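Here the structure is a predicted model, which is why all the values come from computation and not from measurement. Labels below follow one simple rule: chain letters A, B, ... track the order of the sequence lines, proteins then strands, and each chain is numbered from 1. Note: hydrogens, waters and symmetry copies are ignored here, and every other heavy atom, side chains too, is used.
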There are 4 protein chains.
Amino acid sequence: MSSMWGERIKLSVFGGSHTEAIGVTLDGLPAGEKMDWDEILVQMARRAPGQDPSATRRVEKDEPHVVCGMSSDGVLTGAPLCALIYNSDQHSKDYGNLKVTPRPGHADYAAFVKYQGNNDIRGGGHFSGRLTAPLVFAGAVCRQILSRHGILIGGHVLSVGPAEDRRFNMADIEPEILKSLSREYFPVLFPSIRQEMRRQIEEARLALDSLGGVVECAVTGLPTGMGNPMFGGVENLISSIVFGVPAVKGIEFGAGFQAARKMGHENNDSFYYDDGGAVKTRTNNAGGILGGITTGMPLVFRAAVKPTPSISREQDTVNLETGENVKLVIKGRHDPCIVPRAVPALESAAAVAVLELLAQNGKL
Amino acid sequence: MSSMWGERIKLSVFGGSHTEAIGVTLDGLPAGEKMDWDEILVQMARRAPGQDPSATRRVEKDEPHVVCGMSSDGVLTGAPLCALIYNSDQHSKDYGNLKVTPRPGHADYAAFVKYQGNNDIRGGGHFSGRLTAPLVFAGAVCRQILSRHGILIGGHVLSVGPAEDRRFNMADIEPEILKSLSREYFPVLFPSIRQEMRRQIEEARLALDSLGGVVECAVTGLPTGMGNPMFGGVENLISSIVFGVPAVKGIEFGAGFQAARKMGHENNDSFYYDDGGAVKTRTNNAGGILGGITTGMPLVFRAAVKPTPSISREQDTVNLETGENVKLVIKGRHDPCIVPRAVPALESAAAVAVLELLAQNGKL
Amino acid sequence: MSSMWGERIKLSVFGGSHTEAIGVTLDGLPAGEKMDWDEILVQMARRAPGQDPSATRRVEKDEPHVVCGMSSDGVLTGAPLCALIYNSDQHSKDYGNLKVTPRPGHADYAAFVKYQGNNDIRGGGHFSGRLTAPLVFAGAVCRQILSRHGILIGGHVLSVGPAEDRRFNMADIEPEILKSLSREYFPVLFPSIRQEMRRQIEEARLALDSLGGVVECAVTGLPTGMGNPMFGGVENLISSIVFGVPAVKGIEFGAGFQAARKMGHENNDSFYYDDGGAVKTRTNNAGGILGGITTGMPLVFRAAVKPTPSISREQDTVNLETGENVKLVIKGRHDPCIVPRAVPALESAAAVAVLELLAQNGKL
Amino acid sequence: MSSMWGERIKLSVFGGSHTEAIGVTLDGLPAGEKMDWDEILVQMARRAPGQDPSATRRVEKDEPHVVCGMSSDGVLTGAPLCALIYNSDQHSKDYGNLKVTPRPGHADYAAFVKYQGNNDIRGGGHFSGRLTAPLVFAGAVCRQILSRHGILIGGHVLSVGPAEDRRFNMADIEPEILKSLSREYFPVLFPSIRQEMRRQIEEARLALDSLGGVVECAVTGLPTGMGNPMFGGVENLISSIVFGVPAVKGIEFGAGFQAARKMGHENNDSFYYDDGGAVKTRTNNAGGILGGITTGMPLVFRAAVKPTPSISREQDTVNLETGENVKLVIKGRHDPCIVPRAVPALESAAAVAVLELLAQNGKL
């Protein structure tokens with residue numbers, strides 16, 4: 001594993017926040033698929049900071065540069081697809097003291113031990129949330145292929161701190177809704193909650209603090225019978241990539257942790273034949289997966305995103321050089337809430353995983 | 001993946017509820033480790049049904065039979081370790097109609113589509129919760145090796161329906177507590193809650209219904225710096241095996257979904273030097289993992305276990321032969337709550353994953 | 001890796017020469033395939049010693065015992081297929097001194113260092129040639145599935161010591177020939193060479209010595225376009241399993257090492273349209289693989305099998321206890337030439353690899 | 001698989017002969033290793049065409065450009081190391097007709113079928129021998145790390161057409177010899193053979209033809225006991241990467257195919273204690289590997305390299321558009337013998353594989 005993932009669709013992510021570029025290689029993509037570049041840019045923009053007024057003040061330009069694997073008119077050749085995203089905003093001076101005074105909530109200390117201090121600390125290096133940009137590129141490619149198989153992926157901000165959107169009606173998710181969510185900057189199901197979420201974020205910003213939240217993602221159009229029992233299940237597959245998105249600390253499928261509170265007769269999803277003769281379930285507490293295998297109902301998962309650890313408030317930490325407990329004030333501008341930008345990253349992780357699932361099941 | 005798992009410590013689980021035997025092969029184990037057979041039987045007994053009066057009425061005898069990989073005096077040879085657990089309780093007649101009338105909440109329908117009806121439906125076949133028995137055997141072997149590296153694993157029933165135990169104090173978990181929990185049949189931290197949980201289970205049983213719950217697991221003694229960024233993280237590794245335990249629908253690490261409700265200054269774990277000069281954190285919302293890498297603090301995760309889908313109440317389903325909506329009444333005795341028995345299964349999944357983690361990091 | 005292999009079709013081999021049983025688990029097999037048990041026994045018999053008068057005097061009974069994964073009428077359920085082969089011929093006393101006086105040409109010394117002396121030395125333990133029996137079972141299952149896709153696999157003894165059979169005419173291999181070869185005990189293309197090979201083997205036996213040889217295998221009916229460039233090539237795939245057959249020290253595809261002696265204009269295989277409008281090549285020095293991808297021509301490989309290291313002659317070795325150079329005389333009956341029995345093992349390795357190849361390419 | 005390789009040391013190769021750049025990502029490298037850039041350039045130069053007067057007339061400039069993973073003073077950070085090699089020599093016009101008239105001996109036809117004509121045909125695209133440049137970069141990095149563990153890798157041209165160098169004396173290979181071979185452009189053991197080889201190559205060039213050959217590689221300093229039985233053996237590991245080098249059609253270890261001609265008493269390597277008390281073998285027909293595990297003796301393998309398929313002579317092929325048999329004359333300048341340049345590529349494949357082997361065995 002590490003920064004490579006997958007068996008049939010292989011993903012390799014590289015780079016750090018302040019290296020020349022970050023990038024991604026995707027291997028195993030089907031040849032002949034024509035990419036709509038504007039659609040890729042839409043996804044990159046959704047992840048880029050500074051798009052939403054309340055979210056951040058830093059502006060990145062994340063135009064991916066294709067090195068190989070795509071013809072000049074945007075058709076996949078079948079060879080590995082590699083794209084770079086050059087880094088321009090490199091305030092390296094901001095990160096001088098972080099190597100010896102690890103930031104609470106960051107990978108700094110664990111990485112210091114693992115790499116014996118040789119890791120690139122600037123901007124979090126390879127641990128930076130910026131590494132979701134190549135993942136979003138990969139997802140933007142994969143979702144275009146998936147959409148030609150009738151598979152749509154969309155997510156929304158389910159909560160930001162105490163502000164909560166409504167959940168998907170898991171037994172009945174309109175593909176059109178996913179299509180629309182998957183192009184928004186701050187996607188929510190219940191529009192009026194967005195303002196409250198932004199207010200919470202702005203408050204956190206003013207308090208030199210940060211906020212986490214939950215992202216809910218859905219996939220419609222999956223064929224029934226994909227996946228495997230036990231370790232080859234769809235939940236295993238998706239979680240193995242979703243935890244690659246920095247700041248994710250939990251994942252649940254369908255009713256998830258709420259299922260643990262239900263009685264069997266509530267949680268079991270009754271089967272029935274719909275008007276078209278298709279087998280459906282009246283509820284979808286399973287989130288589209290039973291025994292690790294797709295049921296044909298929408299796949300739904302939720303990911304818990306912790307609050308951004310980079311906050312401007314003074315914090316307690318240690319000085320690894322002097323062996324003393326010290327105070328730390330992190331400089332630089334930091335996004336007080338990455339949850340809206342995490343939506344395209346999590347949709348992308350799902351897109352790569354679902355393409356892998358199709359490939360594993362001989363459906364590409 | 002499928003029913004095999006791992007890179008350095010490879011696990012292969014096979015068998016179905018009503019095949020001659022179920023079993024497991026573990027490859028990559030360090031040679032020369034002497035196994036305490038009684039300790040293995042303790043773990044097998046914790047998972048076996050019928051140990052706890054309120055949990056089930058079916059009695060299984062799950063004595064593992066070693067085929068190869070262990071000397072006659074219990075020392076691992078380094079070659080693949082294979083063990084069988086013979087199936088004795090085979091009421092095949094109970095499952096006759098399930099192939100065409102899939103049980104709600106079970107893998108029956110998804111499996112029917114995937115395997116075109118060729119799957120072994122008896123007792124759930126390869127999807128049966130009984131398949132956790134070989135996993136518990138594997139975990140019982142791995143945890144003995146881990147304990148010699150000072151690594152202990154223990155879990156408890158955090159909730160059964162509405163009854164809730166207290167959580168681990170994640171920043172300070174006594175190894176002795178884990179040692180004791182890991183030998184109990186119905187482990188809880190706050191002893192008086194056990195009675196209430198049993199009452200809930202008995203009520204569900206009388207109502208021909210079932211209950212889910214949450215299991216909380218902890219690992220102490222892990223070296224700092226194990227794991228990898230992105231897809232090679234410890235969360236990815238553990239979740240990729242934990243979702244192999246049937247009925248698990250969610251996993252979270254550290255503060256998990258609660259982290260999504262916290263402010264950054266609450267969720268960040270401050271570093272400090274303890275009296276012995278070790279770097280610690282005052283809280284442990286990270287659950288011992290930052291950036292996918294161990295911090296040296298206890299690793300804590302929680303898994304949501306859905307209510308047993310096999311309930312005796314009449315349920316709605318379809319008849320795949322006639323194409324009609326029908327009623328289903330599942331016969332046979334079924335455990336109204338598998339949560340206590342899921343504890344050793346989840347500890348075992350963690351044990352295999354942690355041994356793999358050590359092997360990946362050159363610590364075996 | 002280790003004793004597990006594969007991504008879509010996963011193979012796990014376990015056991016040692018003198019453990020209770022040896023066995024194999026195959027995961028990922030397509031459900032619904034009905035197995036012809038007699039055909040499986042034919043393959044087991046071809047590998048078993050004692051079938052051919054000149055080859056050995058030891059008689060094994062290698063009837064596989066299916067534990068799970070197959071219905072009572074021989075249909076694959078799609079769940080892991082596990083089979084055991086019980087060990088009966090256990091002359092443990094013969095192997096007493098081998099742990100400290102490693103046999104030249106055997107894994108004894110390397111294994112002693114790797115496993116610090118904990119490995120099972122009896123009969124070579126997990127390194128025994130007997131471990132090809134579960135591989136042959138796996139191959140016997142896979143080849144039945146392949147034959148329904150029009151894919152046939154057959155091999156022959158190309159050489160035993162100095163006695164050489166003729167090579168396949170690689171550009172034109174009759175499927176009927178492969179069908180016939182794949183059921184013979186001592187398959188050769190040029191029948192009269194068999195007698196000379198047997199004579200060589202008998203001479204080696206009388207000289208308390210042993211002989212190696214070369215096995216040539218062919219696969220017909222492979223679709224064009226299977227495989228991948230670079231590390232995902234068909235040659236990589238096949239060699240990664242073929243070197244799992246003990247005693248194999250080399251592999252070549254098509255013209256192989258002879259290609260290194262040819263001029264480009266000789267080695268290049270000219271394309272042409274055959275009468276049916278199919279693209280073919282006039283020669284097949286590529287052995288059916290170009291750029292790692294199948295060309296549609298027969299796949300041909302050759303494997304070099306070293307002489308059995310267990311010979312009765314006195315040999316020089318060391319005593320790892322006393323630190324002295326000593327003489328060793330290996331007792332027991334040993335097969336002076338395993339090459340004829342290696343044919344079904346190598347065909348089986350190819351069968352598993354080709355089924356994996358189909359699965360990887362979505363053709364199952 | 002495909003263009004990614006490895007479990008602990010992961011390699012991802014991307015790009016095509018005429019894309020903007022080709023490149024490589026290496027993940028899992030140990031942090032803190034300082035790279036000697038000049039040594040990397042030495043290896044790149046050995047692979048580059050045009051260095052040796054007789055070999056080619058095309059000049060490439062293969063200076064790798066590090067994107068990430070290395071500090072400005074050449075120290076590995078532990079994050080993925082990515083390097084690009086820009087393509088400058090792009091005579092795209094030369095390749096116009098190759099898509100429909102596949103070149104004999106090339107991947108053109110197989111790739112056309114696999115990718116339905118979408119593959120990049122220019123210069124062979126991702127199948128080009130130029131893709132060994134990123135592999136050589138990877139190997140140049142890995143061998144520097146290996147040398148600090150006392151492990152040296154070197155190879156030589158064993159044969160070019162009929163001209164043959166002497167083989168390594170496998171039981172006694174001086175590390176100094178490997179050090180010297182691994183810096184030469186046309187490495188041979190018996191110096192006077194080089195002239196004859198060059199003469200053969202020049203003759204082939206004048207005849208508008210090409211020549212293949214055999215490369216022999218050795219690795220000294222490997223610890224005893226690395227590797228695994230069956231599919232996890234060292235032979236499996238090395239062959240799984242070596243067949244990723246285009247044009248390789250065979251591999252053998254130790255005595256290899258010659259072992260098939262030997263008697264057991266000749267092929268078995270007798271053990272003895274050397275003066276320092278180390279266990280050695282008098283011969284080394286095993287090539288340093290028994291039972292898939294290193295013996296501590298030098299690891300030796302040979303790879304058969306087919307003649308360059310791109311020859312200027314008129315050849316027979318098909319026109320996939322018109323469905324006719326046609327004549328083909330390949331334009332452009334082509335290397336009549338790539339064998340000398342294959343030496344650093346094969347050494348590099350071995351270097352990556354051996355670093356993976358150390359990582360798998362906890363030795364990094």
Visitor: Which bit of A:Gln116 is near chain B, if near means a heavy-atom gap under 4.5 Å: side chain, backbone, both or neither?
Guide: neither

Visitor: Mark yes or no for whether A:Glu252, through its side chain, and A:Phe301, through its backbone, hold a donor-acceptor pair below 3.5 Å.
Guide: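 Between the backbone of A:Phe301 and the side chain of A:Glu252 there is no qualifying donor-acceptor contact (under 3.5 Å).
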
Visitor: In terms of heavy-atom pairs under 4.5 Å, which option from B:Glu266, B:Met226, B:Lys262, B:Arg282 contacts chain A the most?
Guide: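 Of B:Glu266, B:Met226, B:Lys262, B:Arg282, B:Lys262 has the most heavy-atom pairs under 4.5 Å with chain A.
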
Visitor: Using a 4.5 Å cut-off on heavy atoms from C-beta on, say whether the side chain of B:Ile238 contacts that of B:Ile251.
Guide: yes

Visitor: Can you tell me which of A:Leu328, A:Leu290, A:Val160 forms the most heavy-atom pairs within a distance under 4.5 Å of chain B?
Guide: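 Of A:Leu328, A:Leu290, A:Val160, A:Leu290 has the most heavy-atom pairs under 4.5 Å with chain B.
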
Visitor: Does any heavy atom of chain B fall under 4.5 Å from the side chain of A:Asp108, the backbone, both, or neither of them?
Guide: neither

Visitor: Roughly how far, to the nearest 0.5 Å, is CE of B:Met263 from CG of A:Asp209?
Guide: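 Going from the CG atom of A:Asp209 to the CE atom of B:Met263 covers 4.0 Å.
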
Visitor: Tell me which of these, B:Lys306, B:His265, B:His126, B:Arg261, has more heavy-atom pairs under 4.5 Å with chain A than the rest.
Guide: B:His265

Visitor: If only atom types and distance count, is the side chain of A:Tyr273 paired as donor or acceptor with the main-chain N or O of B:Asn319 below 3.5 Å?
Guide: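 Such a contact is found between A:Tyr273 side chain and B:Asn319 backbone.
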
Visitor: Please walk me through it: do B:Gln360 and B:Glu7 pass side-chain contact (heavy atoms from CB on, under 4.5 Å)?
Guide: CA-CA 8 Å; B:Gln360 284 186 9; B:Glu7 291 186 2; 4.1 Å; yes

Visitor: What option among B:Ser270, B:Ala349, B:Ala259 has the most heavy-atom pairs under 4.5 Å with chain A?
Guide: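 Most pairs with chain A among the choices: B:Ser270.
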
Visitor: Considering non-hydrogen atoms only, spot the tightest contact between A:Asn268 and B:Pro309 and give its length.
Guide: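 Closest heavy-atom pair between A:Asn268 and B:Pro309: ND2-O, 2.9 Å.
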
Visitor: Can you find a heavy atom in the side chain of B:Trp5 that is under 4.5 Å from one in the side chain of B:Val352?
Guide: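 Yes. Closest side-chain heavy atoms under 4.5 Å.
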
Visitor: Non-hydrogen atoms of chain A under 4.5 Å away: do they reach the side chain of B:Pro102, the backbone, both or neither?
Guide: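 Its backbone and side chain both get close to chain A.
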
Visitor: Considering only heavy atoms, which portion of A:Ala207 lies under 4.5 Å from any heavy atom of chain B: side chain, backbone, both, or neither?
Guide: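 Nothing of A:Ala207, per the 4.5 Å heavy-atom cut-off to chain B.
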
Visitor: By a 4.5 Å heavy-atom criterion (distance strictly below it), what part of A:Tyr115 contacts chain B: side chain, backbone, both, or neither?
Guide: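 Contact with chain B is through the side chain of A:Tyr115 alone.
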
Visitor: Quick one: what part of A:Glu324 sits under 4.5 Å from any heavy atom of chain B, side chain, backbone, both or neither?
Guide: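 Just its backbone gets close to chain B.
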
Visitor: Picking from B:Gly244, B:Pro223, B:Gly161, B:Ala107, which has the most non-hydrogen pairs under 4.5 angstrom with chain A?
Guide: B:Gly244

Visitor: Go through the steps to decide whether B:Glu216 and B:Arg302 satisfy the test salt bridge (charged side-chain N to carboxylate O under 4.0 Å, His left out), and finish with yes or no.
Guide: CA-CA 4 Å; B:Glu216 188 179 46; B:Arg302 265 159 248 106; 2.9 Å; yes

Visitor: Please answer whether the main-chain N or O of A:Ser17 pairs with a side-chain N or O of A:Ser128 as donor and acceptor at a distance below 3.5 Å.
Guide: no

Visitor: Has B:Asn285 got a side-chain atom pairing as donor or acceptor with B:Gly254's backbone, closer than 3.5 angstrom?
Guide: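 Checking the backbone N and O of B:Gly254 against the side chain of B:Asn285, no donor-acceptor pair under 3.5 Å is found.
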
Visitor: Which region of A:Glu235, side chain (C-beta onward) or backbone (N, CA, C, O), has a non-hydrogen atom less than 4.5 Å from a non-hydrogen atom of chain B, or is it both or neither?
Guide: both

Visitor: Where the side chain of A:Asn119 meets the backbone of A:Ile121, is there a donor-acceptor pair that is under 3.5 Å apart?
Guide: no

Visitor: Quick check on A:Val305 against chain B: is it the side chain, the backbone, both or neither that has a heavy atom closer than 4.5 Å?
Guide: backbone

Visitor: Which of the residues B:Ala204, B:Ala286, B:Ser159 is involved in the greatest number of heavy-atom pairs with chain A at under 4.5 angstrom?
Guide: B:Ala286

Visitor: Under a 4.5 Å heavy-atom cut-off, does chain B meet the side chain of A:Val248, its backbone, both or neither?
Guide: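 The answer is the backbone of A:Val248.
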
Visitor: Which answer fits A:Ile311, side chain, backbone, both or neither, if we ask what part of it has an atom under 4.5 Å from a heavy atom of chain B?
Guide: side chain

Visitor: In terms of relative ring orientation, are A:Phe243 and B:Phe253 parallel, tilted or perpendicular, with 30° and 60° separating the classes?
Guide: perpendicular

Visitor: For the interface with chain B, which of A:Ile293, A:Asn361, A:Val113 has the highest count of heavy-atom pairs at distances below 4.5 Å?
Guide: A:Ile293

Visitor: Is it the side chain or the backbone of B:Ala247 that comes within 4.5 Å of chain A heavy atoms, both, or neither?
Guide: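 For B:Ala247, neither part sits under 4.5 Å from chain A.
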
Visitor: So for A:Thr294, is it side chain, backbone, both, or neither that comes closer than 4.5 Å to the heavy atoms of chain B?
Guide: backbone

Visitor: Output the option from B:Thr101, B:Leu131, B:Val318 having the highest count of non-hydrogen pairs under 4.5 Å with chain A.
Guide: B:Val318

Visitor: Is chain B contacted by the side chain of A:Phe127, its backbone, both, or neither, given a heavy-atom distance below 4.5 Å?
Guide: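 It is the side chain, since no backbone atom gets that close.
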
Visitor: Taking A:Gly6, A:Pro246, A:Pro162, A:Gly227 one by one, which has the highest count of heavy-atom pairs under 4.5 Å against chain B?
Guide: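 With the most close heavy-atom pairs to chain B, the winner is A:Gly227.
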
Visitor: Give the minimum heavy-atom separation between B:Pro336 and B:Ile201, together with the two atoms involved.
Guide: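 Nearest pair, atom of B:Pro336 first, then B:Ile201: CG-CG2, 3.8 Å.
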
Visitor: Where on A:Leu320 is there a heavy atom nearer than 4.5 Å to chain B: the side chain, the backbone, both, or neither?
Guide: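 Contact with chain B is through both the backbone and side chain of A:Leu320.
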
Visitor: Tell me yes or no: between the side chains of A:His106 and A:Ser310, is some donor less than 3.5 Å from an acceptor?
Guide: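 Present: a donor and an acceptor within the cut-off.
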
Visitor: Chain B: which of A:Gly291, A:Gly212, A:Gly250, A:Ala260 shares the most heavy-atom pairs with it under 4.5 Å?
Guide: A:Ala260

Visitor: Please check: side-chain N/O of A:Thr132 versus main-chain N/O of A:Gly129, any donor-acceptor pairing under 3.5 Å?
Guide: yes

Visitor: So for B:Ile289, is it side chain, backbone, both, or neither that comes closer than 4.5 Å to the heavy atoms of chain A?
Guide: both

